[in-house]
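First up is the structure itself, then whatever we jot down about it.
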Amino acid sequence: MDKSLRRPVIAGNWKMNKTPAETKAIIEEMKPLVANADCDVVICAPYIDLYAAMEAAEGSNIKIGAENCHWAVSGAFTGEISAEMLKAAGVPYVIIGHSERRQYFGETDETVRDRTRAALNAGLKVILCVGEVLEERNIGITAEVVRKQTKVALSGVSKDELANIIIAYEPVWAIGTGLTASPEQANEVCAIIRALIAELYGKDAADRFVIQYGGSMNDANADALLAQYDVDGGLIGGASLVAEKFAKIVEAASK
Ligand code: 13P
């Protein structure tokens with residue numbers, strides 16, 4: 001088994017933060033700091049910031065993503081954005097199934113599956129989020145929860161399409177709380193996900209499949225988390241809002 005089969009991906013998830021002007025400023029600040037990265041670098045921003053982000057990132061190694069997309073191509077869905085629209089706008093990545101969408105906006109495993117399908121159909125790269133809440137961890141069903149979320153989201157995804165998906169394991173209790181999963185806890189669940197990918201698509205696909213950890217990852221703990229065998233990158237919330245902190249995580253992934 002060889003971890004070098006997988007190129008790490010460090011992605012920022014800005015959530016509901018930053019105006020277009022702030023977007024331009026921080027991407028300009030990040031560009032020189034991450035220019036020598038030996039990993040993929042993605043910034044996922046609010047829809048309103050995507051053009052500013054792409055314009056500022058042009059010619060650099062920073063790729064831009066959205067934080068969600070709808071499952072339909074178009075139609076009467078007030079306030080929503082389709083995967084086709086993102087593709088047409090030139091946005092390459094999209095986060096799907098973030099726990100905040102599941103917690104606050106009624107996202108289910110089935111809607112996550114449908115949004116994933118739409119994103120793949122449009123030719124986007126998907127960062128698919130899974131993770132257990134604290135009660136589920138406490139009663140010992142983390143593996144079941146994460147396996148079910150992953151299995152439902154990937155139902156109907158072919159082996160070829162899998163190349164356009166990465167999974168972010170984000171334990172909900174570690175998001176925005178400062179409570180990071182220990183490197184061993186993060187690795188344990190990322191390994192469970194990799195084993196499921198092997199079950200569904202074969203060992204070869206699993207060995208190449210990128211699995212990120214997310215949840216209070218920062219410049220101080222990134223080294224230890226990223227050193228784990230099954231952790232191939234990070235999905236970064238708070239620390240991605242500060243250029244130097246984000247760049248330090250990118251540096252840690254480039255070692
Ligand atoms: P924090 O890094 O702020 O805990 O957020 C993690 C996250 O939800 C990334 O999607």
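Keep in mind the model is a prediction, meaning the values are calculated, not measured. Residues take their numbers from the sequence shown, with the count starting at 1. We count ligands from 1, going down the list as the structure has it; atoms in each ligand are counted the same way.
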Quiz item: Numbering the atoms of ligand 1 from 1, which are under 4.0 Å from a heavy atom of Ser216?
Solution: 1 (P), 2 (O), 4 (O)
Quiz prompt | Ala174 contact mode with ligand 1 (heavy-atom cut-off under 4.0 Å) | solution = backbone
Quiz prompt | Residues, nucleotides or ligands: over 12 heavy atoms within 6.0 Å of Glu58 CD | solution = no
Quiz prompt | Backbone of Val231 reached by a side-chain donor or acceptor of Lys3 within 3.5 Å | solution = yes
Practice problem: Specify the protein heavy atom at minimum distance from atom 5 (O) of ligand 1: its residue, its atom name, and the distance to 0.1 Å. | Solution: Lys15 NZ, 3.2 Å
Exercise. Answer yes or no: is there a donor N or O on one side and an acceptor on the other, between the side chain of Thr111 and the main chain of Glu107, under 3.5 Å?
Key: no
Quiz prompt | Numbering as shown, the atoms of ligand 1 that approach His98 to under 4.0 Å (heavy-atom distance) | solution = 7 (C), 8 (O), 9 (C), 10 (O)
Quiz item: Is there at least one pair of N or O atoms, one from Glu100 and one from ligand 1, spaced under 3.5 Å apart?
Solution: no
Quiz item: For atom CD1 of Ile48, is the number of surrounding heavy atoms from other residues, nucleotides or ligands below 6.0 Å larger than 12?
Solution: no
Quiz item: Are Ile64 and Leu124 linked, directly or through other ILVMFWY residues, by side chains that come within less than 4.5 angstrom of each other?
Solution: yes
Quiz item: Quick one: does ligand 1 sit under 4.0 Å from the side chain of Asn13, the backbone, both or neither, non-hydrogen atoms only?
Solution: side chain
Quiz item: Does Gly238 reach ligand 1 with a nitrogen or oxygen that is under 3.5 Å from one of the ligand's nitrogen or oxygen atoms?
Solution: yes
Quiz item: Closest non-hydrogen protein atom to atom 7 (C) of ligand 1, residue and atom name please, with distance?
Solution: Glu170 OE2, 3.1 Å
Quiz item: Has Arg6 got its NZ or CZ under 6.0 Å from the middle of the six-membered ring of Tyr229, at an angle within 45 degrees of the ring axis?
Solution: yes
Exercise. Please check if atom CD in Glu199 has more than 12 non-hydrogen atoms from other residues, nucleotides or ligands closer than 6.0 Å.
Key: yes
Quiz item: By number and element, which atoms of ligand 1 are closer than 4.0 Å to a non-hydrogen atom of Gly237?
Solution: 1 (P), 2 (O), 3 (O), 5 (O), 6 (C), 9 (C)
Quiz item: Any non-hydrogen atom of Ala239 lying under 4.0 Å from ligand 1?
Solution: no
Practice problem: Say whether, by atom type as modelled, one donor and one acceptor occur between the side chain of Arg117 and the main chain of Gly156 under 3.5 angstrom. | Solution: yes
Quiz item: Counting each atom of ligand 1 from 1 as listed, which ones have a heavy atom of Gly215 under 4.0 Å away?
Solution: 4 (O), 6 (C)
